[in-house]
Structures are given as C-alpha cells and as structure tokens.
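Note sheet for the following structure.
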Amino acid sequence: MTARRTVDDTHALGTPAPASPAPAPAAPTRVGYATLLRTPGARTFLVPAFAARLPYAMLSLGIVLLVLDTHGSYGTAGAVAAVSAVAQALVGPQTGRLADRYGQASVLLPSLAVHALSVGALIALALGHTPVWALFAAAAPAGASVPQIGAMVRARWVARLSDSPATLNTAFAFESVTDEFTFVVGPVLATALATGVTPAAGLVTEAALTVAGGLAFAAQRRTAPARHPHTAGARRESALASPGVRLLAGSFLGVGTVFGALQVSITAFAESVGRPGAAGTVYGIFAAGSMLAGVLYGLVAWRRSARQRMLGSYALLVLGCSTLWAMPGLTSLTVAGLFCGLAIAPTLITGYTLVETLVGDGAKTEAFTWLTGAIGLGLAAGSTVAGQLIDSGGPSAGFLVPVAGAGLGLVALVALRRLLVRPAAPGRTVARASGAARFAPEATAPQLVGAGAARS
C-alpha cells in the first residue's frame, strides 16, 4: 500500500511517470505457398492463366524455327522475331493501361482475336515464301496483341491481398517462379513441335493455347480487379510518369540483356567446344537456379525493406555475370550460370513488389507491363549485341554483354535509389508515437510497405 500511495502521490504532484518501454516491433510474417493458394478464388484464375502464359515463351522461338525453315536465313528469322518482341514490349503497357481503365476482359477479348488472326497470317505468309516485309507486317500485330496475362494475374493478387503485404510478397514470388517455369517448358515444347511435327506446329500451338487460356481467364470476372475509368476533367494517371517506375523499367532492361545474351552466348560456347546439344542443359540449369531462388525467396519473412533487397539481389546478379566470360569449359560455365541464375528471381520479385507501391490502383497493371516489356526489349538488345561480339571476338566475348547491361542497371539503382519510394500524397500523414508509425486512415497496406522502404 505504501509503495502504491507513493506512486499515486507522485502523479498528483504532476511528476511524469516513468515511460513504459516501446513495444518491440512485430516479427515479419512468414506466408507459405499453401496458404497463398487457399486464397478464395485464386485457383479459378491461376489455372487458365498458366495455359495462357505458357505460349509467351513460345512465340519468338516459334517464329525463328518457322522462318528459318521457309526462308533459310538466321538473320531473317531473328529480325522477324525481333519485330514481334519490340511490338510486344511497346504496346503491352498500353494494353495494361486500358485494362486498368476498362477491365481485363474488355481488353483481352479483342487482343485474343487479333493475335489469332495475325499469327495465322504470319504462318500462311511464311509457308507461302512471301517477301520479308510481309512477314514483318504480320509479326508486328502478332507481338503487339500478346495478352499481358502475367501482369493481369499480379493485378488480381494486389486486389485480393492489398491488406496483407507478407502474403502479397509470397504471391509475387509464386508468379516469378511461374514465369521461369514457362520459359523452361515453352521453348522445349515449341522446338519439339516444330522439329518433330511440322515447322508451323510451334506457332499453331502457341496461338491455340493463348486463345483457349485467355478466354478461360477472361471468364473469371469475379476475381478481376475493379475498373478505374477516366473521369472528365481528371488528370489521367500513367505508370511511366513515376520516376521510380522508370528507374525499375531501366533496371529490368538490364536483366533482359542477361537473358538475351546468355541464350546466344551459351549456344555459341557449346558449339565451339563441340557439344551443341549441351546448350539447352546449361541454360536450363541457369533457369532452374532462378526457379529455386524464387521458391525460397517467397518463404522467407524478410526484415529488410524491399529497396534494400533490390539493391542486394541486383548486386549479386552483377557479381554472378562478371565471372561468365572467364569460364574455360562447359562444366565451369554451368556452375557459374547456376549462381548467376540464383540472383534473377529475387531481383524480379522485389522489382514487382516495389513497382506496386509506386503507383495508384488505376495504373498497377500498366506498371507491371512496363517491367515485363523492359525485359523483352533488353532480351532483344542483349541477343543482338552478343551475336555481333561473338562474330568478331569469339564465344566468350558474348558474355561481356550481361555484365555490362546488369552493371549499368546497378549503377542507376544505386545512384537513384531515392526514387524507389512513392512521394506522400496530399492528405497522407506520417507521425511517430511510442516508436510505431501511424498512418492516416486513407493510407493503404501497399503504401505501408512503401513507407517501410523509405527507412532503408
């Protein structure tokens, strides 16, 4: 009683009571893939989305195999495939913007129709041995109309998991692993069909899977994110208006150069040592390393901010790429490629996590497609430059392209890392009390993730 009266008297005299210790920060939440897949409605859009995404990695290779058979030129085949890839990279973000505004199904249906018609026209023109300019005319709409299913799936995850940043991080990891898997299976399927059935079989299958999977995905309207139509007099939101989105797109361009240069350089290196058939195995191990890292990345409850993780994983990517040119044989190249691949998926996952915090709800699909398109442009540039270096300096010279492309991306990220935090919107305040951050009512969970990144 005496002790308690002393404390009460102290309060009565106005002396402040000893401050209670600040609550310890909550431990990061770990969310497994099983928990993610139990998200209501998730499986209804994931299954058709996988069928529609698998052809994404089949289109360019299918074009190369068909045009090479009908026109007999690697240069012509590569140029036609490049036209398709560039069209896809440039038009894809505009498709994403329309999906944000009018809804995914409204954009998917006409895109699927154009894609089926243009791929069919490309096949007919190639088999008819028409001039190259006609192939270009068909390849451009074929690439431009590729449905942006990966970006749309990520937008659906954001719509369903915006109140759970930890689960959303796992979802982005799951999507990155899915992307890697399609890039492992797609080229193998396209090659098997084109060489084992008929040169046009790869593209026929690509178009059929795209249309069937796309229609099934578009039918899942219940899980689609809300539309954000443009209102008269309102300023139209563009994902590319964000400096952070532009920075991430530039860094993903560097990642794309790694993909493109390795495809060409590994093939040339394997041929130079008399084992051309081993190229697929070496590249497959590189992709498998990325898949493994993506799976593990999604299972970790990260304490560091997304911005810190982006810089770290990108630095590891540059380090891994810097060893490739010095490898003396296929075995050492395979090991080096495996370690290089381990940094790919974490970089992509973190980039998608960051870009989601940099734009509003009305531009998320567009933002995702800018990153995907940047990878495509980097892939085309990387393969082209690596091929020229290989012609002039030998197979090992092509491995200089990945380290140069990724190195430039890292320099940009380090120098401009402050852009990876979205500026506070009007009416959004941040105050600190008892060691914890308090956000205004309108601050959403993704914004909370962005605020965490600001502390890095």
Side-chain angles (χ1 to χ4, degrees), residues 29 31 33 35-50 52-53 92-109 111 147-179 213-214 216-231 236-239 242 245 248 298 306 348-372 422 425 428 439 441-451:
T29 303
V31 179
Y33 292 105
T35 301
L36 174 71
L37 295 177
R38 285 196 294 269
T39 302
R43 300 191 185 195
T44 62
F45 66 81
L46 285 178
V47 174
F50 177 77
R53 292 164 77 172
Q94 314 312 319
T95 303
R97 176 183 295 182
L98 294 174
D100 285 325
R101 184 181 302 179
Y102 299 110
Q104 294 183 354
S106 299
V107 173
L108 272 174
L109 297 179
S111 294
Q148 302 299 314
I149 300 294
M152 292 180 181
V153 171
R154 288 179 171 90
R156 293 194 183 211
W157 282 125
V158 170
R160 303 190 76 78
L161 303 175
S162 60
D163 59 344
S164 178
T167 310
L168 188 58
N169 182 72
T170 303
F172 285 150
F174 180 83
E175 292 307 312
S176 181
V177 172
T178 302
D179 286 339
F217 180 80
Q220 305 302 319
R221 296 174 183 261
R222 185 174 61 86
T223 56
R227 296 184 297 112
H228 297 275
H230 179 68
T231 55
R236 186 174 67 179
E237 183 175 12
S238 171
S242 166
V245 173
L248 286 173
L348 299 181
I349 294 167
T350 312
Y352 282 115
T353 301
L354 278 169
V355 81
E356 188 273 327
T357 69
L358 295 173
V359 297
D361 291 340
K364 293 191 184 297
T365 306
E366 180 194 350
F368 292 141
T369 53
W370 274 116
L371 298 193
T372 304
R422 186 181 182 186
R428 176 179 162 209
F439 285 74
E442 53 273 328
T444 62
Q447 291 170 336
L448 182 60
V449 176

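All values below were derived from every heavy atom in this structure, side-chain atoms included, with hydrogens, water molecules and symmetry-related copies excluded.
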Quick one, [X] and [Y] - any side-chain contact, counting heavy atoms below 4.5 Å?
X    : Y    : answer
T44  : T223 : yes
L161 : L36  : yes
T178 : V153 : no
L46  : F174 : yes
I149 : L108 : yes

Within 45° cone of F45 ring axis and under 6.0 Å: R160 NZ or CZ: no
Shortest non-hydrogen separation from [X] to [Y] and the atoms involved:
X    : Y    : answer
A52  : G213 : CB-C, 3.6 Å
M152 : A99  : CE-CB, 4.0 Å
A306 : T350 : O-CG2, 3.0 Å
R43  : L37  : NE-O, 3.5 Å
F217 : A49  : CD1-CB, 3.8 Å
A218 : A105 : O-CB, 3.8 Å

Aromatic ring pairing F172/Y352, orientation class (parallel under 30°, perpendicular over 60°, tilted between): tilted
side-chain contact (heavy atoms from CB on, under 4.5 Å) partner of W157, the single match among T170, T39, T167: T39
To the nearest 0.5 Å, what is the distance between [atom1] ([X]) and [atom2] ([Y])?
X    : Y    : atom1 : atom2 : answer
R154 : L371 : CZ    : CG    : 8.5 Å
T353 : L348 : OG1   : CG    : 10.5 Å
Q104 : Q148 : CD    : CD    : 11.5 Å

R156 bridged to E175 by N-O distance under 4.0 Å: no
